[in-house]
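Below is one structure, written out as structure tokens; the observations come after it.
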Amino acid sequence: MTSVEQVAPTANNFLKTIIDEDLKSGKHSSIVTRFPPEPNGYLHIGHAKSICINFGLARDFGGRCHLRFDDTNPAKEELEYIDSIKESVLWLGFDWGEHLYFASDNFEQLYQWAVFLIKDGKAYVEDLNAEQIRAHRGTLTEPGTESPYRNRSVEENLDLFSRMRTGEFPDGTRVLRAKIDMASPNISLRDPVLYRILHTPHPHVGDAWKIYPMYDFAHGQTDAIEGITHSICTLEFESHKPLYEWFLDNLPVPSRPRQYEFARLNLTYTVMSKRKLQELVQLGTVSGWDDPRMPTLAGIKRRGYTPAAVRAFCEQIGVGRSDSWIDVSILEECVRTDLNESAPRTMAVLRPIKLVIDNYPADLTEELQAANHPQKPEMGSRTIYFNREIWIDAEDFMEVPSKGFHRLTVGGEVKLRAGYIVKCTGVVKDAQGAVVELHGEYDPASREGIHTADGRKVKGVIHWVSAAHAVTVEVRLFDRLFSDPNPDRGGVDYKQFLNAGSIETLSDCKIEATLAGANVETRYQFERMGYFRQDPKDSFPGKLVFNRIVTLRDAWITKK
RNA sequence: AGGGGUAUAGCCAAACGGUAAGGCAACGGCCUCUGACGCCGUCAUCUCUUGGUUCGAAUCCAGGUACCCCUGCCA
């Protein structure tokens, strides 16, 4: 290594600027961020952006990042999700260390703070039902009207609130509200609900509570309790900020966090809403939350995307406040870039057609050496076998070649990668006229390079596998789940944009024998075909299943 | 009585009153036993629009326009 320092490629963004200034001015001596998912579903690529921002900022500025479950609504939350979220964050390469928190661990403190507000005349128990509350709230352009219960005495409020806690009242009969301003142009300030009655057990604190705080009453205070300095969320919470601050201003909280918002990730050709993803699972359109086509982190992981690639993607798309649409191809490109470095090369024939080399001795098998990586000799080489009958890909042969096609044609010659130059001398057809077998002749002197004996350079190099040594496996090729760039746009059913060809299963693929004992975790490049790895759920010794993680770039296809 | 945001190239995105970074894509070309990888080059006289302030404006001011978010006892 040279002594030249690698300049940090990380682009500047508004959050870094804010933190820089806070550190420089002495407002904070170090920063604390948090990733605060509600455990009500699986994480997706949009969450990865948030995770990378929060944990990345902490890492870059020498601070720390907490994992906090925002578990204030037991009706939607489950232990299963808590576990899968932890797993996904870890998989992405981040670690909260000792700093795992649950909003629900603060329920007693939050309750005491609610009592504090009541005593301060800033909160009251509401007897109106949900529908009436809505009617009183007003509209976007009209102010709301005050509830008849708004001016109850502190004593009555205290009594009612404590009885709400003990479970005396059924769900939906009362709520606790903040007394702020029913005429505020910001609707979230029109006496927001603080607590609702829910006789529902909670995944983390069990049946200790019959009332649960709302997000708004929990988030900022929890940030304050944890000592969060920069509370980073998505743009849709922006209008909640005055409320977030109202609580911090009116409660004896131990610290003063600030909320900052960024634009959430929108990806083309995919849907990100939990409801729609769930529907795809329920309908059986996909095999589950971890279907390799899903934008969930579980799906992405199973597909074979690497954490490093996802992190690089999040770094590359940047952080801003303007609504943006990122093309999925950028994610795919990040995966290619990462895998190109690390994936050992191998050959696999996906759509096999037999090539019989008539001038090759029937009883001979040669051992050839093939490099595992063209630019990295340190990755070594492997032994492959060459004999009279080999498999080549049907797509690498055209009886009547199209313009620009430089693979195998009748009478044409091509280099078999790491092997010999062969010339196709004829084809065998079935009754329907389809080509079922190729015949050819090889040039024994063409092991090195791509030049023929008379000095010509062959145009094409194709992959192949010895028929006698090949192992047959299943390969699954994936394409985008949707055929429209924005299936989630309003007004139409996103399901009408489902891509019928989003998965193609090939059951008669031929791989090199050395791959039969391959590690499930190892990603390979099947030369000229893309990056693949075994499906962690469906692949077993004796019945191997490979997923195509991503194709190689293909200027030829693009040109066609 | 509505409020809050956002507009810089095909897609992201820097810039902090001093003369439009970078990445991806695209397009040429080179290299190549992967139509891969890699390498070289090209790609905004201009920042949604109209005025204004200034020696100087993407940055400041005023007026437009477009899009996004907010009327859950969801987060």
Side-chain angles (χ1 to χ4, degrees), chain A residues 9 11-14 17 36-38 40 70-73 75-76 126 129-130 133-135 137-144 171-177 183-190 192-198 211-212 214-216 218-219 233-242 261 263 268 274 315-327 329-330 333-334 336-337 340-341 345 347 370-371 373-375 404-407 415-419 421 446-451 457-463 525-530 551-560:
Chain A
N12 206 18
N13 66 51
F14 76 100
T17 304
E38 182 188 18
N40 69 343
D70 238 338
D71 53 351
T72 55
N73 184 3
K76 294 185 171 183
E126 170 68 272
N129 64 31
I133 289 175
R134 192 181 322 117
R137 189 151 32 224
T139 69
L140 294 177
T141 52
E142 296 160 332
D171 289 5
T173 53
R174 278 179 240 263
V175 292
L176 183 74
R177 291 232 253 173
S184 172
N186 182 339
I187 291 176
S188 61
L189 257 21
R190 317 237 263 231
V193 172
L194 269 31
Y195 271 90
R196 74 286 219 184
I197 300 169
L198 240 37
I211 56 173
Y212 292 93
M214 300 288 289
Y215 162 85
D216 285 310
H219 204 92
C233 61
T234 45
L235 244 20
E236 65 266 31
F237 291 102
E238 193 165 27
S239 59
H240 295 234
K241 188 145 106 184
E261 312 85 15
T268 58
K274 210 163 282 179
E315 192 63 49
Q316 201 166 113
I317 60 178
V319 185
R321 286 174 60 87
S322 59
D323 296 325
S324 61
W325 281 88
I326 308 294
D327 199 285
S329 63
I330 293 184
E333 196 51 40
C334 288
R336 286 188 190 103
T337 301
N340 177 52
E341 290 296 313
R345 316 286 126 127
M347 293 195 282
H373 191 115
Q375 283 85 33
F405 183 82
H406 52 239
R407 278 112 90 152
K415 170 78 175 186
L416 294 173
R417 170 130 248 233
I421 290 174
S446 63
R447 273 277 295 281
E448 302 295 328
I450 53 170
H451 291 272
K457 203 173 175 180
V458 299
K459 289 191 295 265
V461 177
I462 65 171
H463 57 96
Q525 183 191 104
F526 289 179
E527 290 196 80
R528 305 206 305 133
M529 292 288 103
T551 61
L552 255 31
R553 281 188 64 194
D554 191 339
W556 171 237
I557 285 183
T558 311
K559 197 162 284 179
K560 281 193 296 187

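Note on naming: letters A, B, ... go to the chains in the order of the sequence lines (proteins, then strands), and numbering restarts at 1 for each one.
- If you check every strand for non-hydrogen atoms under 4.0 Å, V458(A) touches nothing.
- Nucleotides A58(B) and U50(B), compared at atom P, are 14 Å apart to the nearest Å.
- In this entry the distance linking CG of L189(A) with P of G4(B) reads 12 Å, nearest Å.
- Comparing the C1' positions of C33(B) and G23(B) gives an interatomic distance of 32 Å, to the nearest angstrom.
- A syn orientation is assigned to G72(B), its glycosidic angle lying within 90° of 0.
- The distance from atom CZ of R190(A) to atom P of G4(B) is 13 Å, rounded to the nearest whole Å.
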Item to complete: Decide yes or no on side chain to side chain donor-acceptor pair (under 3.5 Å) for S184(A) and N186(A), but give the supporting numbers first.
Response: CA-CA 5 Å; S184(A) 172; N186(A) 182 339; 5.5 Å; no
Discussion item. Between I197(A) and R174(A), does the side chain to side chain contact (heavy atoms under 4.5 Å, CB included) criterion hold? Intermediate values first, please.
Written reply: CA-CA 7 Å; I197(A) 300 169; R174(A) 278 179 240 263; 4.1 Å; yes
Discussion item. Working note: E38(A) + N73(A), criterion side chain to side chain contact (heavy atoms under 4.5 Å, CB included); need CA distance, chi angles, decisive distance, verdict.
Written reply: CA-CA 8 Å; E38(A) 182 188 18; N73(A) 184 3; 3.7 Å; yes
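- Comparing the C1' positions of A25(B) and G18(B) gives a spacing of 32 Å, expressed to the nearest Å.
- Of the C1' atoms belonging to A62(B) and A9(B), the separation is 29 Å, rounded to the nearest Å.
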Discussion item. Can you build the contact string for nucleotides 67-75 of chain B? Use B for base contact, S for sugar-phosphate-only contact, and - for no protein heavy atom under 4.0 Å.
Written reply: -SSBBSBBB
Item to complete: Given side chain to side chain contact (heavy atoms under 4.5 Å, CB included), test I462(A) with L416(A) step by step and report yes or no.
Response: CA-CA 5 Å; I462(A) 65 171; L416(A) 294 173; 3.8 Å; yes
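- The interatomic distance linking I317(A) (CD1) with A25(B) (P) rounds to 16 Å, in whole Å.
- Comparing G56(B) with G17(B), their C1' atoms sit 8 Å apart, to the nearest whole Å.
- Along RNA chain B, the nucleotide closest to G320(A) and the one closest to T141(A) are compared, and the more 5′ of them pairs with T141(A).
- Here the C1' atom of nucleotide C12(B) and the CZ atom of R321(A) are 17 Å apart, to the nearest Å.
- To the nearest 0.5 Å, atoms CE (M529(A)) and CG (D554(A)) are separated by 8.0 Å.
- With salt bridges taken as basic N to acidic carboxylate O contacts below 4.0 Å, none links E238(A) and K241(A).
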Practice prompt. Check the pair R336(A), T551(A) against side chain to side chain contact (heavy atoms under 4.5 Å, CB included), reporting the backbone distance first and the verdict last.
Written response: CA-CA 8 Å; R336(A) 286 188 190 103; T551(A) 61; 3.2 Å; yes
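- Taking each heavy atom of R417(A) and M347(A) in turn, the nearest pair found is O-CE, 3.7 Å.
- In this structure, N13(A) places its CG atom 14 Å from C1' of G22(B), rounding to the nearest Å.
- Nucleotides U6(B) and U59(B) place their C1' atoms 16 Å apart, quoted to the nearest Å.
- Going from the C1' atom of A57(B) to that of U19(B) covers 10 Å, rounded to whole Å.
- Nearest heavy atom pair, residue T268(A) against residue D327(A), reads OG1-CA, 3.3 Å.
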Discussion item. Salt bridge (charged side-chain N to carboxylate O under 4.0 Å, His left out), that's the test. Do E261(A) and R321(A) meet it? Break it down for me.
Written reply: CA-CA 7 Å; E261(A) 312 85 15; R321(A) 286 174 60 87; 3.0 Å; yes
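- For the C1' atom pair drawn from C40(B) and U45(B), the interatomic distance equals 26 Å after rounding to whole Å.
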Fill in: Intermediate values then yes/no, salt bridge (charged side-chain N to carboxylate O under 4.0 Å, His left out), E527(A) and R345(A)
CA-CA 6 Å; E527(A) 290 196 80; R345(A) 316 286 126 127; over 6 Å; no
Fill in: Contact letters for nucleotides 28-35 of chain B, in which S counts primed atoms plus P, OP1 and OP2 and B counts the base, heavy atoms under 4.0 Å
-----BBB
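- The CD-P distance, from E333(A) to C11(B), rounds to 19 Å in whole Å.
- In RNA chain B, stems built from 3 or more consecutive Watson-Crick or G-U wobble pairs, each with both distances under 3.5 Å, span B:2-7 with B:65-70, B:10-12 with B:22-24, B:26-30 with B:38-42, B:48-52 with B:60-64.
- Classification of the F237(A)-H240(A) ring pair by plane angle, with boundaries at 30° and 60°, yields perpendicular.
- The environment of NZ in K459(A) is sparse: at most 12 heavy-atom neighbours from other residues, nucleotides or ligands sit within 6.0 Å.
- To the nearest angstrom, P of G5(B) lies 9 Å from CD of E261(A).
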